[in-house]
Structure formats: structure tokens, C-alpha cells
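Scroll down for the structure; my scribbles are underneath it.
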Amino acid sequence: EAGVDRLYRIPRGQSASKEIPLPLMGAASGLDGALDEDGVFFSMTGWTSPTKYYRYLPREGSVRELGMGTHSPVDFSGITAERVEVKSFDGTMVPLTLLRSAKLRRDRSHPTLMSGYGAYGTSITPSFSATRLAWLEHGGILAYAHVRGGGEKGEAWHQGGRGANKKNAVGDFIACGEYLVATGYTSPAHLAATGSSGGGPLVGGAIVKRPDLFAAAVLYNTVLNTVRYLHGTNGANQIPEMGSPETEEGYRALAAMDPTLAVREGVRYPAVLACVALNDRRVSQWHSGKLVARLQASGSPAPALLRVQAEAGHGVGTTRDQAVEQLADTYSFLLWRFGDPAFAPPKP
């Protein structure tokens, strides 16, 4: 439900289901049982909790932790994960997940990084990463916008942000950003957008449509020139999701969602860090290069930078060290653009 797993039991011979209370807001997997034993085993991962294993015993009606799983040396006890619903431009309620310090005050000062994807019916589900703590302990907020185009509310949710409906996903993402500002979590001067791969038309589309709402954006191996995607690696595979530029209807829809085509001269766009990997065979690197070049030529005073990793891939094929280096550059770039003097580049 809205990207959060729930567990239900239908007793043998009955049609009505009963919800089993779970220990956290998370993602469940590995449901497993045995014919000669009661109950079921499963694992759960949460935003602030690494994977742990549990057993449900129907006779007791309880879920019991088994004392097994992943142990992390980092302490997330001061971090809270909450889910809110944000009203989008057309009245649709969009789930938004927030990770933040439990003691955070809504004073509009917090560096906030909002992520989105909105494609292929893929849901943003709870996951654990120790690297997030560096941002959160710096007073930051991590926000995950579960926009249309994903699978959080079923196939209709996917179709609502797919192809020609991509404008709905962009509107959802913008509404989530406006919510974070309106409720005092952050301000446009401290709000950044980020997305990867097929999330390019979403995040790229949002920053060119509402450049006043964001101070910066970080894009990872993203599709950013949709009218030309068939000319790139893996292009034909995108037709079912994005539509074909070889038909008039498809071309018009792709042109409408194309972030590179939408850049205009004389507009103050957010600062952009576009990251590419030269061993990426899923999204061609020229997508990012063209958007960065277009932003640089537009006259916008904010920097538009291209970060190149020579030996990395599209997630797969990227080493842990490469991923950590990219994340360090991401956090440093954003804090610089948010005005933190500790992260400003040295003066020449």
C-alpha cells in the first residue's frame, strides 16, 4: 500500500483475510513456511532499520523477531521516518516519505534532497543505507516522492504517469516540493531534486518547469533528451513505457516531456550536477551532456556540471568505492549550492 508492505492471512477454508501487525513500516520479503511447522518466516527492511528476520505464529497471533539479520554500526535511533499524503495539482493524493531527525524544527533552513522516479510501475520502497546518516546528521532531510508512473498504488498509478501522462508525474513531484516549503521543512534555497535512469524526464522536467522551486539537482545516468532516445543504447526497449518518436502522437508526447528541449535563454535554472558512467549500456551518456551544454549556453548563472566515471556502469558494474565517491561529491555539491561555507570550492 503506497509502497509499504502489509501482510495478510487467509485461514484455511475461509475467504476473509486478517491483517498481521508488522513491527515496522518497511519492505517484507522471503515468505517461507514448512508443512510440518506452524507459521511463516519472513524478513523486513525499514528506512531506519537494516534487514531482520521474523516469524509469525498464527496460534499466538504475534510476530516474533528471531535475532538474525544485518547489523549496522551506525545509530539511526534519532532518525524518524514518516509518510504523508500531498495534494497534487489535480487533487490526486501523492505519498511522500520523509527521513529526518526526530528533533528537527520546521524553520525552513534544512538542506533537503527530494528523490523521484515515476516510471515502469516501479515503486520506491523502504530500504536501509548507512550512508544516509551523513546527510541526516548534518541537519538534512531526505524526501521520497511516490509520484504517478510508479507502482505504489497499482497499475492505474503507473498508467497515470506513463508516456503522454508524464506531465502528471512532474506535477506530483512539484507538489511534493511545494509541500516541503509550505510546511516549513525547507525553502527553495535549500531544496534539491534528484533522480536516476528513467527518472530523468521526471526530475529534469520538474527543474525546468519550476526552476524557482529548487536550488540544485543531481542526475544519475538519466534520460534527458526523450525525442532522441531511440538513437541511444537500449533505446528501442523504452518504446512500451515512453512511446515512439516515430509517430506524430508519440513525438508530441516525448517533446512535451523533454527537459533539454524545454531549456530557455534568460531563465535562472537550478545548479545541476549530471553524473554519467562510461560503461553504462542502458542510458547513453549524451543525454546528460546535451542538457548540461544547453544549460551552460542558456545564460543561467548557476553552474551546470558533468561528472564522468570512466570505469563505472549503470549501477551494476559500479564498485562500492565508486559509489561512495559519487555520493560524497553529491553531498558536497549540494551543500555548496545551499551556501554552506565549509563546502565552497577554493578561490583561484
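In this chain, residues are counted from 1 in sequence order. Worth knowing before you read on, the calculation uses all heavy atoms, side chains too, and leaves out hydrogens, waters and symmetry mates.
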Q: Assess whether atom CZ of Arg282 is packed by more than 12 heavy atoms of other residues, nucleotides or ligands within 6.0 Å.
A: no
**Q.** Tyr53 OH: over 12 foreign heavy atoms closer than 6.0 Å
**A.** no
Q. So, does His110 use its side chain to make a donor-acceptor pair with the main chain of Thr186 at under 3.5 Å?
A. no
Q. If we only count heavy atoms from C-beta on, is the Arg106 to Thr183 side-chain gap below 4.5 Å?
A. yes
Q. Is the NZ atom of Lys153 crowded by more than 12 outside heavy atoms at less than 6.0 Å?
A. yes
Q: Kindly say whether Leu224 contributes a backbone atom to a donor-acceptor pair with the side chain of Thr222 at under 3.5 angstrom?
A: no
Q.
Please report the interatomic distance CG(Leu254) to CD(Gln238), rounded to the nearest 0.5 Å.
A. 11.0 Å
(Q) I need the minimum non-hydrogen distance between Met257 and Thr226, along with the two atoms involved. (A) CG-OG1, 3.6 Å
Q. Given the side-chain rings of Trp47 and Phe76, with only the six-membered ring counted for Trp, is the space between their centroids under 6.0 Å?
A. no
Q. Which heavy-atom pair separates Arg132 from Tyr331 by the least distance, and what is that distance?
A. CA-OH, 3.9 Å
Q. Does His314 reach the side chain of Ser197, with side-chain heavy atoms less than 4.5 Å apart?
A. yes
Q: Hey, can you tell me if His138 and Phe343 have their rings parallel, tilted or perpendicular (30° and 60° cut-offs)?
A: perpendicular
**Q.** Validation row: Arg6, Glu19 side chains within 4.5 angstrom (heavy atoms)
**A.** yes
Q) Taking C-beta and beyond as the side chain, do Tyr144 and Leu96 meet within less than 4.5 Å on heavy atoms? A) no
Q.
Between Glu137 and Arg100, does any NZ, NE, NH1 or NH2 come within less than 4.0 Å of an OD or OE carboxylate oxygen?
A. no
Q) Are side-chain heavy atoms of Phe89 and Asn168 found at a separation under 4.5 Å? A) yes
Q: Answer yes or no: is there a donor N or O on one side and an acceptor on the other, between the side chain of Thr318 and the main chain of Ala312, under 3.5 Å?
A: no
Q) Are Leu291 and Asn225 side-chain neighbours, meaning at least one heavy-atom pair lies under 4.5 Å? A) no
**Q.** Other residues, nucleotides, ligands: >12 heavy atoms within 6.0 Å of Lys167 NZ
**A.** yes
Q: Could you check Glu178 against Arg210 for salt bridge (charged side-chain N to carboxylate O under 4.0 Å, His left out), going step by step and ending with a plain yes or no?
A: CA-CA 10 Å; Glu178 291 174 334; Arg210 283 294 309 277; 2.6 Å; yes
Q.
Tell me if the CD atom of Glu311 is crowded by more than 12 foreign heavy atoms within 6.0 Å.
A. no
**Q.** Step-by-step side chain to side chain contact (heavy atoms under 4.5 Å, CB included) determination, Tyr220 to Thr330
**A.** CA-CA 10 Å; Tyr220 303 108; Thr330 295; 2.7 Å; yes
Q | Derivation and outcome, salt bridge (charged side-chain N to carboxylate O under 4.0 Å, His left out), residues Glu65 and Arg55 | A | CA-CA 7 Å; Glu65 186 179 341; Arg55 184 180 185 182; over 6 Å; no
Q) For the side chain of Gln285 and the backbone of Ala277, is there at least one donor-acceptor N/O pair under 3.5 Å apart? A) yes
Q: Ignoring hydrogens and angles, tell me if any N or O in the side chain of Ser101 forms a donor-acceptor pair with the backbone of Lys103 under 3.5 Å.
A: yes
Q: Measure from the side-chain N and O atoms of Arg307 to the backbone N and O of Asp329, and report whether any donor-acceptor pair falls under 3.5 Å.
A: no
Q. Is the backbone N or O of Ile124 less than 3.5 Å from a side-chain atom of His146, with the two atoms forming a donor-acceptor pair by type?
A. yes
Q. Is Asn279 close to Arg281 at the side-chain level, that is, under 4.5 Å between some pair of heavy atoms?
A. yes
Q: Work out which heavy atom in Asp5 is nearest to a heavy atom in Ala28; give both atom names and the distance.
A: OD2-N, 2.7 Å
Q.
Any heavy-atom pair between the side chains of Thr194 and Met114 that's under 4.5 Å?
A. no
Q | Evaluation steps, salt bridge (charged side-chain N to carboxylate O under 4.0 Å, His left out), between Glu155 and Arg148 | A | CA-CA 10 Å; Glu155 181 57 21; Arg148 279 173 281 187; over 6 Å; no
(Q) Show the nearest heavy-atom pair for residues Ala192 and Phe338, with the distance to one decimal. (A) CB-CZ, 3.7 Å
Q. Are Thr97 and Arg83 close enough, and set up right, to give a side-chain hydrogen bond (donor to acceptor under 3.5 Å, both in side chains), and what steps lead you there?
A. CA-CA 5 Å; Thr97 299; Arg83 178 68 62 87; 2.7 Å; yes
Q. Transitive ILVMFWY cluster of Phe42 at side-chain heavy atoms under 4.5 Å: who else is in it?
A. Leu7, Ile20, Leu22, Leu24, Leu31, Val40, Met44, Tyr54, Tyr56, Val63
